[in-house]
Amino acid sequence: MRKGLRLLIAGASGVALFASGVAIAASPASAEPVGVTNSVVNDTFIPPVSQDTMSFSFDLADAYHGKAPDNSWYPKYKIWARVTPDYNPGNGVTVNWRAATVTQLAKVTTDPGSGAKRITGSFTVQNNDKPGDRWRLQISPELLPAAGTPSPTATAAPDTWQDVKTFAVTAATRVSNVGIDPNPVVLKGATDVGFSATIEKFGGETLKQVRALHPSSGEYYSLGTSLEGDDKSYYNFVTMGTDAPAGDWQIKFTITRGTKTYAFTKGFKVSKTSAPASKAKSKITMSISPTKVKKGKYIKVYGKVYRGVKSWGPWKKKILKLYFKKKGTKSWKFVGYVGANNSGKYSKTVKPKYDGWYRMAATSTSATKSSYSPYKLVDVR
């Protein structure tokens with residue numbers, strides 16, 4: 001313990017001891033059971049990374065004192081709250097309570113009425129917590145004086161707690177076994193870099209975005225979000241040109257659940273064997289609609305091709321090449337040519353026969369480098 005740091009240790013005796021050994025009086029707060037109804041613990045799950053805050057609410061009966069002399073109505077209670085991950089004391093399991101945060105009722109200047117008032121609060125769930133259905137929420141109501149000022153000697157929650165709700169906390173998506181091939185990446189020219197992972201979904205999460213990202217510059221390659229047939233294996237790859245910046249890169253998986261967003265990242269190195277040529281850069285965006293199609297039906301492949309030196313502009317009238325790689329094979333097959341218009345936009349309809357990936361290529365010229373679009377998976381049913 002650092003010198004000068006004082007630790008407060010409160011016991012059931014109502015006496016607080018400081019590290020210095022000096023004892024002070026610590027009167028426990030006054031508590032009494034209260035009426036609680038309509039308790040809700042919102043979508044609760046083990047966060048994929050680090051920790052996150054989960055919320056709860058309930059209706060509190062008889063929440064206000066009568067009208068005070070100053071023509072205000074003061075809350076009758078200060079509500080303390082706590083949760084425990086695994087309430088199972090009968091089996092000798094240690095019950096580890098953690099404090100929850102409660103938004104307290106405030107005094108009001110209009111009659112709040114006799115109806116129940118909604119109380120809200122939150123608590124923290126850690127990434128290393130275990131999912132289960134025995135999580136428990138309890139409250140301890142501290143009775144406040146009618147004037148609305150809590151006792152100045154109350155230093156902790158009352159000793160009496162009452163159950164509000166037992167609830168379940170579920171598992172959530174995990175990203176593991178992330179692989180980069182090759183690793184490190186050495187750019188001698190256009191280089192294919194593959195990314196793989198195991199993505200296990202346990203709840204209502206969505207794999208929203210996957211990118212190969214160079215954080216310091218903000219440059220990135222977009223990858224698809226489709227999983228393989230087992231619905232948990234991920235594989236995709238991009239072609240990195242020699243114009244890609246060297247240094248620290250990362251593969252970033254962005255996952256959403258309701259209003260919450262999480263990101264898994266894994267870093268890799270990119271280096272070059274020689275300085276990039278002094279040509280303009282190019283890039284291609286590509287979308288496919290639909291990505292799941294019945295055999296015999298058409299899909300639309302569309303996007304835009306750019307070239308740029310100081311800023312990006314359309315690569316007008318550029319003739320592009322569309323390639324396809326059948327699932328389970330290693331080679332790309334030429335499908336056909338696609339022409340861009342004056343705005344750099346292109347589109348082509350295709351009737352796919354097999355599951356596999358499509359990508360668009362822009363061949364180099366004396367003034368502009370070649371490039372490939374991200375790969376897109378099509379599922380033929």
Side-chain angles (χ1 to χ4, degrees), residues 180-195 209-224 235-252 267-288 300-325 330-348 350 356-377:
I180 298 100
D181 183 29
N183 190 14
V185 178
V186 180
L187 300 178
K188 300 177 182 179
T191 303
D192 283 344
V193 183
F195 302 95
Q209 186 184 81
V210 185
R211 284 181 172 179
L213 172 68
H214 185 246
S216 62
S217 70
E219 290 197 31
Y220 63 88
Y221 294 89
S222 293
L223 293 104
Y235 181 74
N236 214 325
F237 44 98
V238 296
T239 301
M240 300 182 72
T242 54
D243 56 332
D248 293 322
W249 283 69
Q250 60 182 216
I251 177 70
K252 182 177 181 180
F268 62 98
K269 296 282 188 180
V270 174
S271 61
K272 303 179 183 182
T273 57
S274 61
S278 56
K279 289 184 178 183
K281 297 186 291 185
S282 67
K283 66 179 180 181
I284 312 172
T285 65
M286 187 182 76
S287 297
I288 293 179
K300 181 181 178 182
V301 182
Y302 60 97
K304 190 171 181 178
V305 58
Y306 301 83
R307 71 182 301 276
V309 180
K310 293 183 179 180
S311 61
W312 291 108
W315 197 346
K316 300 178 180 181
K317 300 293 186 181
K318 177 63 178 174
I319 302 300
L320 307 171
K321 293 181 178 181
L322 178 63
Y323 290 91
F324 173 74
K325 186 171 79 73
K330 295 183 178 180
S331 60
W332 288 92
K333 303 294 184 181
F334 173 71
V335 175
Y337 293 100
V338 187
N341 61 19
N342 283 331
S343 300
K345 294 181 179 179
Y346 68 88
S347 67
K348 184 177 180 66
V350 178
W357 290 269
Y358 287 87
R359 72 176 178 181
M360 198 68 69
T363 55
S364 64
T365 67
S366 59
T368 308
K369 298 177 184 179
S370 63
S371 63
Y372 287 95
S373 70
Y375 311 125
K376 301 291 184 180
L377 177 66

Original post:
Going by the angle between their ring planes, with limits at 30° and 60°, are Tyr306 and Trp312 parallel, tilted or perpendicular?
Top reply: perpendicular

Mind checking what makes side-chain hydrogen bond (donor to acceptor under 3.5 Å, both in side chains) contact with [X], not counting sequence neighbours?
X      : result
Ser331 : none
Ser282 : Ser371
Asp192 : Thr239, Tyr375
Lys269 : Asp248

Show the nearest heavy-atom pair for residues [X] and [Y], with the distance to one decimal.
X      : Y      : value
Lys281 : Asp243 : CD-OD2, 3.1 Å
Pro314 : Lys304 : CB-CE, 4.3 Å
Thr363 : Ser370 : C-CB, 4.0 Å

Original post:
What about Phe195 and Tyr221, are their ring centers closer than 6.0 Å?
Top reply: no

Original post:
What distance do Lys321 atom NZ and Ile284 atom CD1 have between them, rounded to the nearest 0.5 Å?
Top reply: 11.5 Å

**OP:** Would you give the length of the straight line joining atom CH2 of Trp315 to atom CG of Leu320, rounded to the nearest 0.5 angstrom?
**Re:** 8.0 Å

Original post:
Should we count NZ of Lys348 as having more than 12 external heavy atoms under 6.0 Å?
Top reply: yes

**OP:** With sequence neighbours excluded, tell me which residues meet ring pair (Phe, Tyr, Trp, His ring centres under 6.0 Å) with Tyr358.
**Re:** Phe324

Original post:
With sequence neighbours left out, what residues match Tyr337 under ring pair (Phe, Tyr, Trp, His ring centres under 6.0 Å)?
Top reply: Phe334

